[in-house]
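From a predicted model like this one, the values you see are computed outputs, not experimental measurements.
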Amino acid sequence: MDTAPNPGPPDCTLLDALKNRRSRRFAPGMTMPGGPLAYRSRHQPVPLTEAEEAALVYSACGVTGPALADLCYAPGHGGSIMSGLVGRTIASGDCLQTVALAVINDSGTWFVRRPQNFSPDEIRELIRLNRAGEFIETYRRSRVRLFDHRVHPPMEPLFNINANRWSLHAPGTCCFLPINDLTFMYVNGLLEILNEDTGAFILDERAGFRPAGLGAFAKSCGGHLDDNPSNGRVATIKHVEQLVTDFVNLEQGMMLQNLGLMTEALGLGGFPHFANHDLGWFQALGFRSVPMRASRYLGAGPLVTLGMNLTGKNPEVPFFLGLEAKGEELMKALCPPNYGSMDEVVRAVVAQKTGEKGVFRRPDGVSAWQNHSAVTGGVRPVSERAIAATTAYCTYLWRRYARFPVHVPAFRCGLGFQTGHIDAGFYDTFYQPEALSERHRDGFERVKNDPVFGA
């Protein structure tokens with residue numbers, strides 16, 4: 001792969017990128033198989049340069065510096081919800097950096113490490129390199145090779161949708177796949193909403209709206225959680241999990257938007273595409289899993305489970321637990337068997353916040369404050385009441401449904417983003433001249449100089 005810096009147009013402002021951002025799918029080597037836009041490229045596929053890939057990865061998830069974390073850390077004001085202090089090019093709830101990124105092209109499949117995969121000293125060096133514009137170097141330091149070839153799920157629905165089949169995973173293109181981890185955000189959020197200050201109460205809508213393991217913590221029983229529906233603090237499991245999913249999905253959306261804007265700035269084509277399948281992408285990427293009956297995975301009741309068994313429609317499905325490569329743990333679901341119990345899970349999240357090596361305790365941590373220890377020393381530990389309620393809730397979910405979360409998988413993909421060079425011939429044949437910006441035309445001219453292009 002070419003490692004020479006991509007000169008790129010120097011005059012692409014943010015407003016230019018916003019005005020001209022479009023989904024552009026047709027790249028050299030592609031064929032539109034039929035219909036009014038039927039067209040066969042006259043050129044061979046040309047892969048992105050390493051510099052182009054590095055710029056796109058930086059736009060999606062590059063480490064930019066310490067998060068400001070400018071919250072109130074006085075008791076009762078919620079500042080201690082923070083669980084990370086390293087910022088990326090996209091915002092992240094509680095600074096958790098829950099969304100990871102896979103990069104997939106003809107030469108291989110890579111995972112891009114998140115801030116939590118690095119030591120504080122490594123983070124400082126990544127920040128320095130990125131501020132100096134050394135994106136290729138940070139890309140090399142951040143990526144882990146998963147495979148030496150392109151991987152993807154089956155192309156057929158419902159792994160994919162028909163509208164994408166003609167162009168998706170074409171030679172020469174590069175796919176950027178955000179991967180959502182819902183478990184850390186879930187537990188961290190529970191510690192906040194189940195504390196004495198918020199005092200929310202959660203019901204299980206699939207168990208007759210009975211308390212989801214929290215009955216002993218209800219105010220009506222002398223506890224600290226407000227179980228009076230009139231006060232607006234009663235929620236259901238599904239409602240809480242939808243909030244978690246929405247938060248993480250928005251983080252993924254910012255990643256996709258940044259990829260679209262960087263694609264425009266580099267004079268490339270690109271488009272977001274369907275990637276929402278519980279199993280397909282995680283099987284393709286080699287995530288570790290344990291088998292689970294479909295009835296259990298779906299939370300079916302006893303009668304439905306019996307019917308599924310009797311009709312032979314209760315197959316085993318994988319429940320994904322994490323991703324490792326070359327002995328390195330890259331992603332890990334916060335649930336058994338990764339942990340001995342949900343109590344261990346909750347304690348692990350608390351430890352990351354205010355434990356001996358937590359973000360609010362370690363003296364060598366990365367932060368933007370002038371006096372790191374003065375600020376972090378004023379952050380109070382998570383209360384034992386909040387820990388006990390969160391543990392009771394999480395244990396209830398695990399014992400009843402044998403999974404965490406219970407309505408959605410621990411890991412999710414929603415949309416991917418495919419990028420490639422522009423084949424101007426297709427657009428000049430069918431579209432008005434303004435369909436391509438000068439950056440795209442300049443990019444097309446640059447790629448023409450690649451010896452592969454005319455092969």
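Salt-bridge annotation for Arg24 and Glu264: present, with a side-chain N of the basic residue lying under 4.0 Å from a carboxylate O of the acidic one. Note on Glu241 versus Lys238: no salt bridge recorded, every NZ/NE/NH1/NH2 to OD/OE distance being 4.0 Å or above. Classification of Glu329 and Arg288 as a salt-bridged pair fails, no side-chain N sitting under 4.0 Å from a carboxylate O. Comment: Asp121 engages Arg124 in a salt bridge, judged by a side-chain N to carboxylate O separation of less than 4.0 angstrom. A salt bridge links Arg143 with Glu50: the distance from a Lys NZ or Arg NE/NH1/NH2 to an Asp or Glu carboxylate oxygen falls below 4.0 Å. At a threshold of 4.0 Å, the pair Asp197-Arg380 counts as salt-bridged, since one of the basic side-chain nitrogens sits closer than that to a carboxylate oxygen.
When the shell of 6.0 Å around CG of Leu37 is examined, it contains more than 12 heavy atoms from other residues, nucleotides or ligands. Within a 6.0 Å radius of NE2 in His149, other residues, nucleotides and ligands contribute more than 12 heavy atoms. Within 6.0 Å of the CD atom in Gln370, the count of heavy atoms belonging to other residues, nucleotides or ligands does not exceed 12. When the shell of 6.0 Å around CZ of Arg165 is examined, it contains more than 12 heavy atoms from other residues, nucleotides or ligands.
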**OP:** Decide yes or no on side-chain contact (heavy atoms from CB on, under 4.5 Å) for Cys394 and Val345, but give the supporting numbers first.
**Re:** CA-CA 9 Å; Cys394 292; Val345 166; over 6 Å; no
**OP:** Show your reasoning for whether side-chain contact (heavy atoms from CB on, under 4.5 Å) applies to Leu48 and Leu268.
**Re:** CA-CA 9 Å; Leu48 301 188; Leu268 300 171; 4.0 Å; yes
**OP:** Applying side-chain contact (heavy atoms from CB on, under 4.5 Å), run through Val86 and Val63 and close with a yes or a no.
**Re:** CA-CA 7 Å; Val86 179; Val63 175; 3.8 Å; yes
**OP:** Decide yes or no on side-chain contact (heavy atoms from CB on, under 4.5 Å) for Trp110 and Val57, but give the supporting numbers first.
**Re:** CA-CA 11 Å; Trp110 289 267; Val57 168; over 6 Å; no
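Listed here is the closest heavy atom pair of Val240 and Ala235: CG2-CB, 4.0 Å. Across all non-hydrogen atoms, the minimal contact from Pro318 to Gln283 is CG-NE2, 3.7 Å. The two residues Gly93 and Glu251 have their closest heavy-atom pair at N-OE1, 4.1 Å. In this structure, Arg403 and Val408 approach most closely via the heavy-atom pair NH2-O, 2.9 Å. Of all the heavy atoms in Glu205 and Ile237, the pair that sits closest is OE1-N, 3.2 Å. The two atoms that bring Thr354 and Pro381 nearest to each other are OG1-CA, 4.0 Å, heavy atoms only.
Checking side-chain atoms of Ser80 against main-chain N and O of Val382 turns up no donor-acceptor pair under 3.5 Å. Proximity of a side-chain donor or acceptor of Glu344 to a complementary backbone N or O of Gly340 within less than 3.5 Å is detected. Between the side chain of Asp428 and the backbone N or O of Gly425, no donor-acceptor pair lies under 3.5 Å. Asp16 contributes a side-chain N or O that, together with a main-chain N or O of Thr13, makes up a donor-acceptor pair within less than 3.5 Å. Listed for the Ser41 side chain is a donor-acceptor partner under 3.5 Å among the backbone atoms of His43. A donor-acceptor pair is defined here as one N or O able to donate and one able to accept, closer than 3.5 Å; such a pair exists between the side chain of Asn188 and the backbone of Ile81. Distance alone, capped at 3.5 Å, places no donor-acceptor pair between the Ser295 side chain and the Ala300 backbone. The main-chain N or O of Arg141 is found under 3.5 Å from a side-chain atom of Arg113 such that the two form a donor-acceptor pair. Although no hydrogens or angles enter the test, the distance criterion places no donor-acceptor pair under 3.5 Å between the side chain of Asp246 and the main chain of Leu243. Between the Ser23 side chain and the Phe271 main chain, no donor and acceptor come within less than 3.5 Å of each other.
Counting only heavy atoms from C-beta outward, the side chains of Thr64 and Asn130 never approach each other to under 4.5 Å. Contact check for Pro157 versus Asn162: side-chain heavy atoms found under the 4.5 Å cut-off. Between Cys61 and Met255 there is a side-chain heavy-atom pair separated by less than 4.5 Å. Met30 places none of its side-chain heavy atoms less than 4.5 Å from the side chain of Tyr39. Looking at Met185 and Asn180, their side chains never come closer than 4.5 Å, going by heavy atoms from C-beta outward. The shortest side-chain heavy-atom distance between Phe111 and Met331 falls under the 4.5 Å cut-off. The side-chain heavy atoms of Thr390 and Val350, taken from C-beta on, include no pair separated by under 4.5 Å. Under the 4.5 Å side-chain criterion, counting only non-hydrogen atoms from C-beta, Phe404 is in contact with Val187.
In this structure, the separation between OH on Tyr427 and OG1 on Thr429 is 11.5 Å, given to the nearest 0.5 Å. One finds the CZ atom of Phe430 at 8.5 Å from the CZ atom of Phe26 (value rounded to the nearest 0.5 Å). With rounding to the nearest 0.5 Å, the separation of CD in Gln242 from NE2 in His239 is 8.5 Å. For the atom pair CD (Gln418) and CG (Asn164), the distance works out to 8.5 Å, reported to the nearest 0.5 Å. Atom CG of Leu194 and atom CD1 of Ile202 lie 4.5 Å apart (nearest 0.5 Å). To the nearest 0.5 Å, the span separating CZ on Arg145 from OG1 on Thr109 amounts to 8.5 Å.
Using the six-membered ring where Trp is involved, Phe159 and His277 have ring planes that are parallel, under 30° apart on the 30 and 60° scheme. Ring pair Tyr297/Phe319 is perpendicular by interplanar angle, where above 60° counts as perpendicular and below 30° as parallel. By the 30° and 60° cut-offs, the orientation of the rings of Phe411 relative to Phe282 is tilted.
Annotation: salt bridge (charged side-chain N to carboxylate O under 4.0 Å, His left out) contacts involving residues 177-190, sequence neighbours excluded, are absent. Applying the salt bridge (charged side-chain N to carboxylate O under 4.0 Å, His left out) rule to pairs touching residues 354-363 yields Arg362-Asp364, sequence neighbours excluded.
Not counting sequence neighbours, Ala351 has no partner by the side chain to side chain contact (heavy atoms under 4.5 Å, CB included) test.
A cation-pi geometry, defined here as NZ or CZ lying under 6.0 Å from the six-membered ring centre and within 45° of its normal, holds between Arg206 and Tyr401.
Side-chain contact, Asp94 with Ser83: no donor N or O sits under 3.5 Å from an acceptor N or O.
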